[in-house]
Structure formats: C-alpha cells, structure tokens
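Shown next, in structure tokens, is the structure this report addresses.
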Amino acid sequence: MSSSVTIAEASTSSSSKAAMTRGKKTAAAEAKSAPVKKDKSGKKKKKRELVTPLEYAQRLQERLLEMAATRKSHASPYLRGKRIFYYGGDMQYASEETRGRMDYIIKHGGTVVPTYDPAVITHIVTTDNPPKYPFLRLCSLRSLKEIPDHIPTVKWSWVISGASRRVNPTASSGKDAGKAGHTGNPDGDTAEQIEDASSPPPVDFKLMFHAAFKERLDAGITPYISKARPKPQKVMDPAGHDHSRVTPSEKGSRPNNSEISAISEFTLDRIEPKESEIRDFDSSSLLTDRIPGHSRFSSKLQDGAPVAGSSRESAASRTLNNPELDPLASFYEQARAEKEADNLQSSLSSDEEQDEGADSGGKCVPEHAVSRKRGFLCDSKPDEHTDCANQDVIDKLQELKILHKAKLSAEDNWRVYAYDKAIRALRSYPTRIRSYEEARAIRGVGDKTAQKIIEILQTGNLRRIGYEKTEDVEAINTFQGIYGVGRHTAFKWYANGCRTLDDVRARKGGIRLSPCQEIGLKYYSDINSRMPRSEAADIFNMIKPIALSIDPKLFIEIMGSYRRGKADCGDIDILISRPPNDGKTHQGVLRKLLGELHRRGILTEDLSLPDSFDDLELVYRGLCRRDSSSLRRRIDFLTVPYASRGAALLYYTFNRSLRLKANKMGYSLNQRGLFQGVIRNPSNRLEKLDDGTMVASETEEEILRILGVPWQEPHERIRG
DNA sequence: AGGCAATACTG
DNA sequence: CAGTAT
DNA sequence: GCCT
C-alpha cells in the first residue's frame with residue numbers, strides 16, 4: 001500500500017515535470033494558478049490551489065489531448081480502454097494522493113471519468129478503505145447494489161497490481177479504447193490484445209482480491225445485468241411534444257461508447273475550466289440577490305423559446321428571464337420584492353410555504369425554534385407583521401388550524417384545507433371586519449368560521465383553541481415538524497410514550513426512525529426556519545455555474561418562493577432542462593451535478609433520489625448549505641423535458657388555486673402541461689381512464705392565456 | 001352529498 | 001400499499 | 001370546513 005502511493009506520487013511529479021519542460025501547463029500547474037474560491041482579497045495563494053476532483057480530472061483529460069497531439073508517454077498504456085471513476089474519499093478538494101493517482105491512470109492509457117456515470121465508466125477505483133456512505137452520496141446511489149454488475153469496484157491496489165504483473169508491456173497499436181472496457185482487467189494487456197479475437201477475454205478473478213466493498217466482490221466478473229429498479233412507464237405527452245424523451249429500451253440498453261449520455265462529452269472531453277465561471281460565485285459580481293436567473297449565459301439559454309416570451313410580457317417578467325435586456329429592470333424587480341417584503345412579509349399568504357410546521361415546537365426545541373406564526377428569525381425586515389386588518393383573527397384561526405393538523409381523520413384534513421383557504425382570503429381582505437354578515441360574504445368563510453371570527457373580534461379569544469390544545473396535539477405537531485414524519489407516525493410515537501423531541505432522540509418507546517427522519521430530526525431547527533432571500537440567491541449562484549460547466553446549454557431556473565420575490569424562503573426549488581434542438585438533452589446531467597455539489601459540500605444530505613437517473617423527468621430532494629457556517633436548507637431539483645418547462649415553472653411557482661381553476665374549466669394541470677379531457681375513475685381519482693390531450697406546456701404565458709388568467713409576475717402569484 | 005391537485009419517493 | 005412530501 |  002505504501003508502495004502504491006509511492007508509485008503514484010512519483011508518477012505525478014514526473015509527468016508534471018515532463019509536461020512543464022515542454023513548456024506546456026500541466027493540469028496540476030494550471031490548478032496551481034487557479035483562483036481559489038472565496039479568495040476575495042485577491043491575494044495569491046502560495047501553496048497549491050485547491051481543485052475539486054472533478055476539475056482535476058477534467059484538466060487531466062485536457063492534458064491528455066495535448067499529449068496525444070505532441071508525443072506519446074512512454075509509460076505502458078496498460079489501462080487503455082479503462083474508463084475509471086476514481087473515488088479518493090476527498091470531497092471538497094483533490095488531495096495529493098488523488099491527483100497522483102489520476103495522473104497515473106492517464107499516464108498509463110486510462111481515462112479518468114470525473115463523475116460516477118454508469119453509462120460511461122468501466123471501473124470504479126477507490127482508496128483502500130473507502131467510506132461507504134460518503135461514496136454512495138457522492139454517486140447519488142441508495143446502495144451499492146445499484147451499481148451495474150459489469151462495473152467492478154476495486155481498490156487502488158488493483159491498478160497497481162495490473163502494472164506489476166502485466167504480461168506485455170508493449171503498447172498495442174491502440175486503435176480502439178472502448179471495446180474491451182467491461183472485461184475489467186489491468187493485469188496485462190491480454191484482454192485488450194485479444195480484443196475482438198476469437199475467444200472471449202479471460203475473466204479476471206483477481207478483481208475479487210481488490211474489491212473495495214465486500215458487497216461487490218464479484219462485480220465485474222458476472223455478466224452485465226442491470227439492477228436498475230424498474231420504473232413504470234411514464235405517459236408520453238399526448239401532444240407529442242416530447243420528442244426528446246428517451247425510450248425505455250434505449251435507457252435500459254447496455255452502455256455503448258459512441259452514444260453515451262447526450263451531454264457527457266462536456267464532462268469527458270474538453271472541459272473548459274473557466275475558472276471565472278466556476279468560482280466567481282461568491283464574488284459579489286454575479287447576481288445580486290434580487291435578480292433571479294441572471295447570468296452571462298441567460299441570453300443564450302433563451303434560445304428562441306423564452307419561458308415567458310410574448311408581447312404582453314412586462315418589463316419585470318423579462319427581467320426574470322433575461323435580466324440583461326434591461327438594466328433598469330432589475331431594480332424594478334428588486335423594488336417590488338422589497339415592497340412585498342414590507343407589506344406581505346411573513347409568507348403566510350402563500351399556500352406553498354406554510355411557515356407553521358410544528359408549532360409548539362419551541363417548547364421542545366431549545367434552539368432557535370421559531371415562532372412560526374411570524375416565520376421570521378433571520379430576515380432583515382424590522383417591521384414584521386401587522387398590516388393585515390384582521391391579523392388577530394388570522395392568528396387565532398391559524399392556531400386552530402395547526403391544532404387540527406394533528407388529527408388523523410380525513411375530516412380534520414379537509415377542515416385544515418378549509419381554514420387554510422379562509423385564512424388566505426382574510427389575509428387579502430383589506431378592511432377590518434365588522435359583522436358576521438361581512439365575514440360570511442368573504443369567499444371561503446362559511447357559517448362556522450364567521451362565528452369564530454366574531455368571537456375573536458368580541459372576546460379577543462377563541463375558546464375552541466383552548467380545548468383543542470391538548471398535550472397530545474402539541475406533541476404530535478412537534479413531531480410532524482420532523483421532515484418525513486406525518487400525522488400517522490407522529491401519532492404512533494405519541495402512543496409509544498414520546499412527548500418531546502428529546503424523547504424521540506432517545507428513541508423512547510422503542511420507536512424507529514427512517515434515515516430520512518433521522519436527518520429531519522438532526523436538522524429540525526434548520527429545516528424549520530426560513531432563509532433570507534439573499535441566502536437562497538447565494539446558493540443558486542453557486543449552483544448555476546457548476547451546472548453550466550457540465551453543460552453550458554442547460555436551462556436552469558430557480559422557482560418557488562424565491563421566484564415569487566419573497567423576502568425569505570423556506571426552500572430552494574431549481575428547475576433544470578435543456579433545449580433538445582441540437583439532438584442532446586439534459587439526460588444524465590442531474591447525477592453529475594449532484595455529485596459535484598456533494599463534493600463541494602454544497603449538498604450535504606440526500607432526502608430522496610429519483611428512481612432512475614436515466615429519465616429526463618427527475619425529482620431530487622436534499623439539504624444544502626451555503627458554507628460551513630450556514631444552516632442546512634431544503635433544496636429540490638426538478639428536471640423536465642424542455643417542452644414542459646413552462647408548465648413546470650407554473651406548477652411550481654403558482655399555487656393550488658390555479659390548478660383548481662384548471663379543474664373547474666375542465667382541464668387538468670400538472671408539471672408536464674395543461675391537459676384537456678382527462679377522465680378519472682370516479683371511485684379512484686388517481687386512476688386515469690383517459691389521459692386527455694395536452695394543450696399547452698412550453699410557456700407559462702400560453703397556459704395562463706388558455707386558463708383565462710391575466711399574466712402575473714411571479715411575485716404576484718399568491719392566489720388565483 | 002360529494003369534491004376539495006396531482007404525482008413521486010420510501011419502506 | 002400506506003405514508004409523506006411538494 | 002366550505003362550496004356547489
């Protein structure tokens with residue numbers, strides 16, 4: 001083992017030196033001159049600069065091209081044809097060891113693939129004792145079982161052993177690199193040299209001796225069998241807008257060198273490192289926090305199909321998609337955002353981001369568990385709520401609503417729904433309510449609620465709250481504040497004797513937590529607090545350039561409350577797509593992006609992964625943070641076929657009422673499009689008897705037009 | 001009296 | 001399939 | 001709970 005390190009490092013320095021003497025910059029040398037993240041002072045670092053493994057691998061590939069152009073390495077290319085994903089256990093920055101090993105792989109004819117992509121790689125090579133869970137996270141895998149059988153997972157020692165035992169050190173003519181890829185054998189050029197010859201290459205049982213994980217001892221030895229979880233076929237959109245979707249047969253097919261994932265070439269081949277793009281994110285030069293979606297790529301990305309492109313588009317709406325069209329527009333947007341922050345603040349108005357969550361949580365969470373009522377804690381606005389003429393009423397109803405959320409019955413469910421609606425209506429009601437009749441006249445306020453309103457107005461109190469507010473309800477609400485815990489689980493825990501979060505932490509009553517719930521518990525207060533808008537902007541501004549470095553043509557937008565201009569956000573929703581007009585798609589991008597974000601420590605935990613990364617339509621949920629001293633924040637990534645981007649934006653930035661309106665008009669709106677003629681089974685609403693016809697999906701505009709909704713700026717989209 | 005959005009992941 | 005989440 |  002120590003010998004392997006020695007070899008690797010020796011090779012590093014020798015190859016660097018060789019390249020340097022040619023007067024070319026090596027990858028390592030380039031790395032040294034690269035500006036470093038967060039070096040705002042601009043002072044140069046004396047020590048070597050930090051580079052992520054991805055970047056390092058990318059540069060190595062560049063250097064490889066140079067070398068090929070100039071002259072050949074005299075090292076034996078016994079790794080030719082091996083496309084190796086190397087896992088060094090170093091997340092943030094590539095260590096010396098990692099760099100050395102990557103250099104070594106390249107030098108011996110192998111290809112270093114910067115990200116785990118089962119369609120591309122032939123081998124996974126790791127350190128001697130790779131930590132399993134970090135490895136899985138980095139690859140966005142739920143378990144090792146998801147790695148295809150034809151890809152061996154071996155330790156570095158496997159590479160070294162191949163070097164020392166190789167039979168024929170002479171470089172083969174080396175025409176083809178990929179064909180022998182799956183045989184996985186660095187032990188001599190045997191496999192490659194027989195190549196397409198008569199007998200199949202000998203199986204390399206030595207793989208087992210170097211297996212990185214015992215779970216995968218025989219990986220690479222058994223024939224290729226996809227273990228990908230089968231996923232029910234998704235419905236093609238009826239309007240046939242979905243030309244870009246990959247068919248199931250395609251996606252299940254065996255990896256093939258020529259047609260790898262559409263964008264992988266950006267990662268595999270020449271990656272222009274673009275320091276400035278990648279690292280500028282925390283210099284203040286990129287977006288200010290009020291200008292969603294701005295970047296130097298924005299204009300290209302619009303590509304003739306802007307999301308909200310239309311003549312009716314207001315200045316501000318263009319701003320959102322194309323800020324650079326009008327420099328003043330950004331101020332306009334900012335002004336409105338601030339104004340809204342002042343007026344509506346506290347989020348309480350949108351149904352998407354109920355701030356409440358486990359109220360009463362304050363009792364159990366010593367930390368800064370927020371008084372969700374106000375949903376602040378972090379933001380900048382001094383003057384919080386008030387402004388609503390009936391704020392006291394709203395507060396009481398909200399409190400009652402939360403109490404009902406702890407109940408199991410479907411009835412209470414709908415009760416909550418109704419309170420929600422009434423509260424939203426009250427929030428936008430301009431004047432102080434004076435009578436029962438006046439209250440009743442408000443849409444969403446019925447007899448019962450009107451009575452309650454009067455009681456609050458007259459007594460300043462709601463007796464109902466007092467007698468609903470019992471110990472069990474309080475505890476259950478606290479538990480429900482844990483991500484992944486709903487009313488049933490919370491109820492169960494209560495029944496098992498848990499009363500506080502500490503009880504849960506102690507697993508009182510023998511309760512069990514899913515992995516997701518453990519994360520939810522660990523970061524209870526983080527997750528239940530909102531972030532200032534500026535933090536969401538910072539995070540998005542870090543992520544966007546990274547995504548664009550994977551594929552510059554990506555369409556990437558932030559949605560949700562941020563896009564609606566809120567002053568604080570409960571989470572970050574990011575939409576990713578890609579115009580397919582050059583025959584490529586964003587297929588495969590998400591996994592790479594996630595891996596890179598994990599490496600950089602931006603993503604910290606996964607909450608749920610898509611069933612398969614092969615589709616164009618994916619959902620990811622996780623936690624992220626801006627830097628090591630920030631709180632964890634909820635983040636979602638959604639990818640959709642390009643033709644659905646309008647529907648997706650609408651779906652995730654508008655609220656429920658739009659979907660309701662669509663229903664009333666006989667349409668059905670989902671994240672893929674607006675459909676007409678959907679017929680559902682009356683007894684089972686979830687079953688579609690007829691999928692209907694898609695009538696719109698590309699832009700928000702066309703959908704809104706059909707629904708008869710006047711264009712609204714995202715930040716105006718509170719209610720239908 | 002019946003609807004109240006629609007859909008994906010987890011175990 | 002039930003539970004949870006968006 | 002409210003609405004149709």
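Bear in mind that the values here come from a model prediction, so they are computed numbers and not experimental data. A note on names: the letters A, B, ... follow the listed sequences, proteins ahead of strands, and every chain is numbered from 1.
- By the side chain to side chain contact (heavy atoms under 4.5 Å, CB included) test, Glu518(A) is found to be paired with Arg507(A), Leu513(A), residues two or more places apart in sequence or in another chain being considered.
- Among the protein residues, Leu609(A) comes within range of the sugar-phosphate backbone only, with heavy atoms under 4.0 Å from sugar or phosphate atoms but none that close to a base.
- Between Lys401(A) and the phosphate of dG1(D), there is no side-chain N or O to OP1/OP2 separation shorter than 4.0 Å.
- Once you apply a 4.0 Å limit to the heavy atoms of chain A, the touched nucleotides of DNA chain C run 5' to 3' over dG3(C) to dT6(C).
- Contact annotation: Arg415(A) does not reach the phosphate of dC4(B) (side-chain N/O to OP1 or OP2, under 4.0 Å).
- Lys132(A) meets the side chain to side chain contact (heavy atoms under 4.5 Å, CB included) test with Leu136(A), Leu144(A), Phe213(A), Glu215(A); sequence neighbours excluded.
- Legend: residues meeting ring-ring contact (aromatic ring centres under 6.0 Å, His included) with Tyr417(A), ordered by chain and number and at least two apart, are Trp414(A).
- Asp412(A) comes within contact range of no nucleotide atom at all, as no heavy-atom separation falls under 4.0 Å.
- Summarising the geometry, the separation between CZ on Arg672(A) and P on dT7(B) is reported as 7 Å, rounded to the nearest angstrom.
- At dG1(D), one or more side-chain N or O atoms of Lys448(A) fall inside 4.0 Å of OP1 or OP2 (strictly under the cut-off).
- In terms of phosphate contacts, Arg464(A) brings a side-chain nitrogen or oxygen within less than 4.0 Å of OP1 or OP2 of dG1(D).
- Atom-to-atom, NZ of Lys664(A) to C1' of dA5(B) comes out at 12 Å; the value is rounded to the nearest Å.
- For the pairing with Thr604(A), the side chain to side chain donor-acceptor pair (under 3.5 Å) check across Arg137(A), Arg625(A), Arg632(A), His598(A) returns one residue only, Arg632(A).
- Residue Thr449(A) places at least one side-chain N or O closer than 4.0 Å to OP1 or OP2 of dC2(D).
- The side chain of Ser668(A) contributes no N or O atom lying less than 4.0 Å from OP1 or OP2 of dA5(B).
- Here Leu650(A) contributes atom CG and Thr699(A) contributes atom OG1; the two are 9.0 Å apart, rounded to the nearest 0.5 Å.
- At dC4(B), none of the side-chain N or O atoms of Arg680(A) fall inside 4.0 Å of OP1 or OP2 (strictly under the cut-off).
- In this model, the phosphate group of dG3(B) is not approached by any side-chain N or O of Tyr417(A) to a distance below 4.0 Å at OP1 or OP2.
- Ranking dG11(B), dC3(D), dA5(B) by closeness to the Lys421(A) side chain, first place goes to dC3(D).
- The gap from the P atom of dC3(D) to that of dA5(B) amounts to 15 Å, rounded to the nearest Å.
- Side-chain nitrogen and oxygen atoms of Lys452(A) include at least one within less than 4.0 Å of the OP1 or OP2 phosphate oxygen of dG1(D).
- One atom, CD of Glu468(A), and another, C1' of dG1(D), lie 13 Å apart when rounded to the nearest Å.
- Ring orientation note: the planes of Tyr642(A) and Phe555(A) are nearly perpendicular, at an angle over 60° on the 30°/60° scale.
- Contact annotation: Asn663(A) reaches the phosphate of dA6(B) (side-chain N/O to OP1 or OP2, under 4.0 Å).
- Within 4.0 Å (heavy atoms only), Glu411(A) reaches no atom of the nucleic acid at all.
- Computed from coordinates, the Leu686(A) CG to dC4(B) P distance equals 11 Å when rounded to whole Å.
- Counting any heavy atom pair closer than 4.0 Å across all strands shown, Lys688(A) reaches sugar-phosphate atoms only and no base atom.
- Between Arg659(A) and dC4(B), a side-chain N or O to OP1/OP2 separation shorter than 4.0 Å is absent.
- Of the candidates dT10(B), dT7(B), dA5(B), the closest approach to any side-chain atom of Tyr651(A) belongs to dA5(B).
- In this structure, Asp447(A) reaches the sugar-phosphate backbone alone: every heavy-atom distance under 4.0 Å involves primed, P, OP1 or OP2 atoms, never a base.
- Partners of Thr431(A) under the side chain to side chain contact (heavy atoms under 4.5 Å, CB included) rule, at least two apart in sequence or in another chain, are Tyr429(A), Glu438(A).
- Looking at heavy-atom distances under 4.0 Å, Val416(A) makes no contact with the nucleic acid at all.
- For Tyr419(A), the ring-ring contact (aromatic ring centres under 6.0 Å, His included) test picks out His404(A), with sequence neighbours left out.
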